[in-house]
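Below: the structure, in structure tokens.
As the structure lists them, so they are numbered: ligands from 1, and atoms in each ligand from 1.
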Amino acid sequence: MEDLDPTYIQAPEHRSYSNSIPNQPEEIPVIDLSRLNDPEDIQNVISEIGDACETWGFFQVINHGVPCDARKRVEETVKIFFDLPLEEKIKVKRDDVNPTGYHDGEHTKNVRDWKEVFDIYFKDPMVMPSSTDPEDQGLRVVYNKWPQFPSDFREACQEYAGHAEKLAFRLLELISLSLSLPKERFHGYFKEQMSFFRINRYPPCPRPDLALGVGHHKDADVISLLAQDEVGGLQISRRSDGVWFPIKPVPNALVINIGNCMEVWTNDKYWSAEHRVVVNSTRERYSIPFFLLPSHDVEVKPLEELVSPENPPRYIGYKYGKFYVNRNRSDFKKLEIQNIQIDDFKVVT
Ligand code: OGA
Ligand code: NI
């Protein structure tokens, strides 16, 4: 299979070898959260997290409290599902009203990604706007789809997602403290959280020089917590110069990154880094991100405590739910239009 469907082909400047990675890349921080048990070390951990959010927008955590068994169980179970024939998988396929379930046609910036996904909302059911029209107040209640086989798919996913959500709030508290804000400053934004949990499978690709597993993008959430297997392929763009750096797999670590909402809340102090996934021709790869999203009715705008006359707001506010449905719609509409990006809300100066 040498021919690649043209929908997968990246523009030359976005291909995997486009922007060279230095021979001895700087290390993206790996932070040991067990240090939080030592009262004398807590402040150091908080400032290391703050520095990582500012410099890279990415870090990894180890000893984070998500049990290895729960992770292993979900990894094994989802593999059984993805190995099923396509006819089975599309029984729980995403559609244009319900964005949960299986999907193999994701596009990033209008180029098709070399991957299959399965999406599950943390809250079941989950409430979201029913249309992209800013005037329309209508809401839709969305239920997760679950495959019948393997039979423990649902339980394994829910167990893992419960642990991931707990860690997400712990990290949110640490991030809040790193900004000299009260620990629970952000909690009120999550009463009807739209958080979801995704399983990505990247099959071996005949032309990894032309396609990407996920094209360059920023996550549209608050923070993401990603479990990746040992294959590797995730790369992030360095804030200072845009050079791509690999996020090396560390056993049992979770990769944490800042999403658009946190970038807006901190008025660009914290950085939502572009990232992408490079594929390879021999090994499949799995990753399991948990995306922490606020409630649909939250208006996302720079926090008052973090703006001043010298540092005026760089974004106008936007309703999170409308932003989310706008972004999601692009897979089902004509692909000529670029989907909505956070920079659309930048204050023009
Ligand atoms: C994503 C993503 C990275 C990976 O799903 O948004 O960036 O390593 N995934 O799978
Ligand atoms: Ni991402």
Side-chain angles (χ1 to χ4, degrees), residues 10 14 16 21 28 53 56-61 71 74-75 78-79 82 94 99-109 111-122 157 160-161 164 168 194-205 208 211-237 239 244-263 270-280 283-293 323-324 327-328 330-331 339-342:
Q10 296 283 335
H14 296 309
S16 53
I21 293 166
I28 287 115
C53 292
W56 292 98
F58 265 83
F59 56 98
Q60 302 204 55
V61 291
R71 172 167 168 176
V74 80
E75 283 169 348
V78 300
K79 189 165 170 19
F82 279 103
R94 178 192 302 185
T100 71
Y102 175 79
H103 191 50
D104 66 352
E106 277 238 330
H107 289 67
T108 303
K109 311 256 169 26
V111 183
R112 191 167 173 192
D113 295 324
W114 189 266
K115 68 172 182 187
E116 306 171 83
V117 304
F118 196 101
D119 286 339
I120 301 156
Y121 282 113
F122 181 73
C157 289
Y160 178 80
M194 298 173 70
S195 301
F196 69 103
F197 164 69
R198 166 170 286 181
I199 298 131
N200 287 308
R201 173 178 181 262
Y202 304 98
C205 177
L212 288 172
V214 190
H216 72 102
H217 69 284
K218 294 180 170 214
D219 288 349
D221 58 351
V222 175
I223 51 172
S224 315
L225 287 67
L226 176 127
Q228 64 168 336
D229 66 15
E230 72 288 358
V231 175
L234 173 59
Q235 299 181 343
I236 71 165
S237 166
R239 185 172 195 173
W244 291 99
F245 281 73
I247 298 278
K248 289 188 196 137
V250 172
N252 293 319
L254 290 168
V255 178
I256 314 300
N257 67 284
I258 295 292
N260 286 155
C261 297
M262 187 57 80
E263 184 172 63
Y270 287 176
W271 174 241
S272 171
E274 291 238 294
H275 52 285
R276 66 184 186 185
V277 173
V278 170
V279 282
N280 71 79
R283 294 183 75 184
E284 68 173 4
R285 171 174 182 262
Y286 278 88
S287 74
I288 309 176
F290 179 88
F291 299 105
L292 184 72
L293 273 65
F323 176 70
Y324 179 79
R327 264 182 83 110
N328 257 14
S330 66
D331 283 348
N339 67 357
I340 192 166
Q341 302 293 325
I342 199 66

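- Glu75 CD to Asp229 CG: the interatomic distance, rounded to the nearest 0.5 Å, is 7.0 Å.
- Of all atoms in ligand 1, numbered sequentially from 1 with element shown, those under 4.0 Å from a heavy atom of Asp219 are 6 (O).
- Proximity of a side-chain donor or acceptor of Asn257 to a complementary backbone N or O of Ser272 within less than 3.5 Å is not detected.
- Here His216 contributes atom NE2 and Gln235 contributes atom CD; the two are 13.0 Å apart, rounded to the nearest 0.5 Å.
- No donor-acceptor distance shorter than 3.5 angstrom exists from the side chain of Thr100 to the backbone of Tyr121, with no hydrogens or angles considered.
- Nearest protein heavy-atom neighbour of atom 8 (O) of ligand 1: Arg285 NH2, 2.8 Å.
- Among protein heavy atoms, the minimum distance from atom 5 (O) of ligand 1 is reached at Asn200 ND2, 3.2 Å.
- Here is the list of ligand 1 atoms found below 4.0 Å of a heavy atom in Leu226: 3 (C), 4 (C), 8 (O), 9 (N), 10 (O).
- For ligand 1 and Phe291, the ligand atoms under 4.0 Å from any heavy atom of the residue are 1 (C), 5 (O), 6 (O).
- Interatomic distance, CZ of Arg201 versus CZ of Arg285, reported as 13.0 Å (0.5 Å rounding).
- The protein atom (non-hydrogen) at minimum distance from atom 3 (C) of ligand 1 is Val277 CG2, 3.5 Å.
- Tyr102 is linked by a ring-ring contact (aromatic ring centres under 6.0 Å, His included) to nothing, counting only residues two or more places apart in sequence or in another chain.
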Decide ring-ring contact (aromatic ring centres under 6.0 Å, His included) for Phe197 and Tyr160; before the verdict, give the C-alpha distance in whole Å, the side-chain angles of both, and the deciding distance to 0.1 Å. CA-CA 9 Å; Phe197 164 69; Tyr160 178 80; 5.7 Å; yes

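- Ring geometry, Phe291 versus Phe196: the interplanar angle falls from 30° to 60°, so the pair is classed tilted.
- Looking from atom 6 (O) of ligand 1 to the surrounding protein, the closest heavy atom is His217 NE2, 3.1 Å.
- Considering both main-chain and side-chain atoms, Tyr202 comes within under 3.5 Å of ligand 1 through a nitrogen or oxygen pair.
- Under a 3.5 Å cut-off, the side chain of Arg112 and the backbone N or O of Asp104 do form a donor-acceptor pair.
- The shortest heavy-atom distance from His275 to ligand 1 is under 4.0 Å.
- Side chain of His103 to main chain of Gly101: no donor-acceptor pair is present (N/O by atom type, distance under 3.5 Å, no hydrogens or angles).
- Around the Ni ion (ligand 2), protein N, O or S atoms at less than 2.8 Å comprise His217 NE2, Asp219 OD1, His275 NE2.
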